[in-house]
Amino acid sequence: MTGGGDPRDVVRRGYDAVSVRYDEAYGAEGKYRAWLGELGRCVPPRGAVLDLGCGSGVPVARALTARGLRVTGADISDVQIRRARQQVPDAEFVRADITDPAFVPGEDATFDAVVSLYALIHLPLDEQPRLLARVGRWLRPGGWFVATTGHRAWTGVEEDWLGAGAPMWWSHADAATYRRWITEAGLIVEREEFVPEGESGHALFWARRRS
């Protein structure tokens, strides 16, 4: 593939290179505000939340910890994790490949919610349904899964993402496939939305583990 090497290494190096620029380009403080406000109202006080692909901790971990929730974030980028620990000291962050079976953020039924915004789309396609199945186990009965996925199937590389001098890699299925994978993980899709971006966009899923 262009970009060179294992896709996970391309993603890791890409976010190491673009961490600050990404937050500046996408308005870190203000993005996802409505989603996070709604999620915060769905999770019980002092509830536990897992953020898969947590980036720099802003805005997800910062917004949710400000509501008194206990947040664990995981990301493959060393730079993102270092910045997250600095920016959101009240959350817990771990540098990890979230597709690795050795990544065990908690026992089964540990989390009241799992969030994954614009992260699944950076994972090898054949590993995504396996991760979703694990998400289904990590959630407590009735717990929420909130995630952005691909809307149309696509795999590709941008060689100089955001002008940071490093490539970035994406791979995602279409929304119907994600709906099936989420359902097969034991979750009930409560809502699906289209989130436009440029000439295309993503799907946003709100799903719950069966009680």
Side-chain angles (χ1 to χ4, degrees), residues 11 15 22-23 26-77 80-81 83-85 87-88 90-99 103-106 108-123 128-129 131-150 172 175 178-179 181-182 185-193 195 197 202-209:
V11 172
Y15 274 105
Y22 180 87
D23 285 350
Y26 290 99
E29 291 289 352
K31 65 182 180 179
Y32 319 147
R33 183 172 294 161
W35 303 347
L36 296 174
E38 183 174 354
L39 179 62
R41 293 187 292 272
C42 292
V43 177
R46 295 294 300 159
V49 180
L50 174 64
D51 184 8
L52 295 175
C54 64
S56 70
V58 180
V60 176
R62 176 178 285 174
L64 296 179
T65 56
R67 297 185 71 99
L69 302 178
R70 294 172 292 121
V71 179
T72 300
D75 201 280
I76 200 169
S77 163
Q80 294 279 57
I81 290 296
R83 293 186 64 226
R85 288 169 176 162
Q87 296 188 115
V88 194
D90 291 334
E92 178 181 346
F93 296 100
V94 58
R95 191 277 194 196
D97 173 1
I98 60 177
T99 67
F103 171 63
V104 182
D108 288 357
T110 293
F111 296 99
D112 297 287
V114 176
V115 183
S116 187
L117 300 180
Y118 300 92
L120 292 173
I121 56 177
H122 289 300
L123 305 179
Q128 295 183 35
L131 176 60
L132 291 170
R134 298 174 74 205
V135 166
R137 296 195 297 271
W138 291 331
L139 280 170
R140 292 177 176 145
W144 285 93
F145 176 55
V146 181
T148 50
T149 70
H172 49 78
Y178 282 106
R179 175 180 279 271
W181 287 346
I182 292 170
L187 307 178
I188 300 169
V189 175
E190 300 284 1
R191 193 164 85 239
E192 177 186 340
E193 304 171 22
V195 182
E197 182 178 332
H202 300 82
L204 171 68
F205 285 95
W206 290 77
R208 298 189 79 178
R209 181 175 172 180

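Heavy atoms only: backbone and side chains are in, while hydrogens, waters and symmetry mates are out. Since the model is a prediction, treat every value here as computed from it, not as a measurement.
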Taking the side chain as C-beta and beyond, is there a heavy-atom pair between Val43 and Phe111 under 4.5 Å? no
Cut-off 3.5 Å, side chains only: do Thr65 and Asp90 have a donor facing an acceptor? no
Side-chain heavy atoms of Phe145 within contact of Val115, under 4.5 Å: no
Could you state the interatomic distance from OG (Ser77) to CZ (Arg83), rounded to the nearest 0.5 Å? 9.5 Å
Compare every heavy atom of Gly57 with every heavy atom of Ala84, then report the nearest pair and how far apart it is. CB-N, 3.8 Å
Is it true that the side chains of Thr99 and Asp97 contain a donor and an acceptor less than 3.5 Å apart? yes
Closest approach of Ala63 to Leu36 (non-hydrogen atoms, all atoms of both residues): CB-CD1, 3.8 Å
What is the distance from atom CZ of Phe205 to atom CZ of Arg179, rounded to the nearest 0.5 Å? 6.0 Å
Looking only at heavy atoms, the pair that brings Leu39 and Ala113 closest together is CD1-CB, 4.0 Å
So, do Val135 and Ser116 sit near enough that their side-chain heavy atoms are less than 4.5 Å apart? no
So, are Arg33 and Glu38 salt-bridged, with charged N and O less than 4.0 Å apart? no
To the nearest 0.5 Å, tell me how far Ile98 CD1 sits from Leu120 CG. 6.5 Å
According to the side-chain hydrogen bond (donor to acceptor under 3.5 Å, both in side chains) rule, which pairs have a member within residues 131-147, sequence neighbours left out? Asp112-Arg140
Output yes when a side-chain donor or acceptor of Arg41 lies under 3.5 Å from a complementary backbone atom of Gly37, and no otherwise. yes
Main chain of Leu50, side chain of Thr72: is a donor-acceptor contact present, judged purely on distance under 3.5 Å? no
For residues Ile121 and His202, determine if any side-chain heavy atom of one lies less than 4.5 Å from a side-chain heavy atom of the other. yes
Heavy-atom pair with the smallest gap, counting every atom of Gly150 and Ala203: O-CB, 3.8 Å
Less than 6.0 angstrom separating the ring centers of His172 and Tyr178, yes or no? no
Decide yes or no for Asp75 and Val94: does some side-chain heavy atom of the first lie under 4.5 Å from some side-chain heavy atom of the second? no
Could you grab the distance from atom CD of Glu190 to atom SG of Cys42, nearest 0.5 Å is fine? 9.5 Å
Apply side chain to side chain contact (heavy atoms under 4.5 Å, CB included) to the pair Phe93 and Val88, showing each step before the final yes or no. CA-CA 9 Å; Phe93 296 100; Val88 194; 3.9 Å; yes
Is Val114 close to Val49 at the side-chain level, that is, under 4.5 Å between some pair of heavy atoms? no
Looking at every heavy atom in both Val11 and His122, which two are closest together, and how far apart are they? CG2-O, 3.7 Å
Applying side chain to side chain contact (heavy atoms under 4.5 Å, CB included) to Gln80 and Cys54, what does each step give before you reach the verdict? CA-CA 8 Å; Gln80 294 279 57; Cys54 64; over 6 Å; no
Which value, rounded to the nearest 0.5 Å, describes the distance between Arg208 atom CZ and Ile182 atom CD1? 15.0 Å
Could you tell me whether the side chain of Arg209 and the main chain of Gly142 form a donor-acceptor pair under 3.5 Å? no
If you round to the nearest 0.5 Å, how far is CG of Asp51 from CG of Leu117? 7.0 Å
Trp35 vs Thr148 side-chain heavy atoms within contact, under 4.5 Å: yes
So which heavy atom on Arg46 is nearest to which on Leu69, and how close? N-CD2, 4.0 Å
4.5 Å side-chain heavy-atom contact, Tyr118 and Tyr32: yes
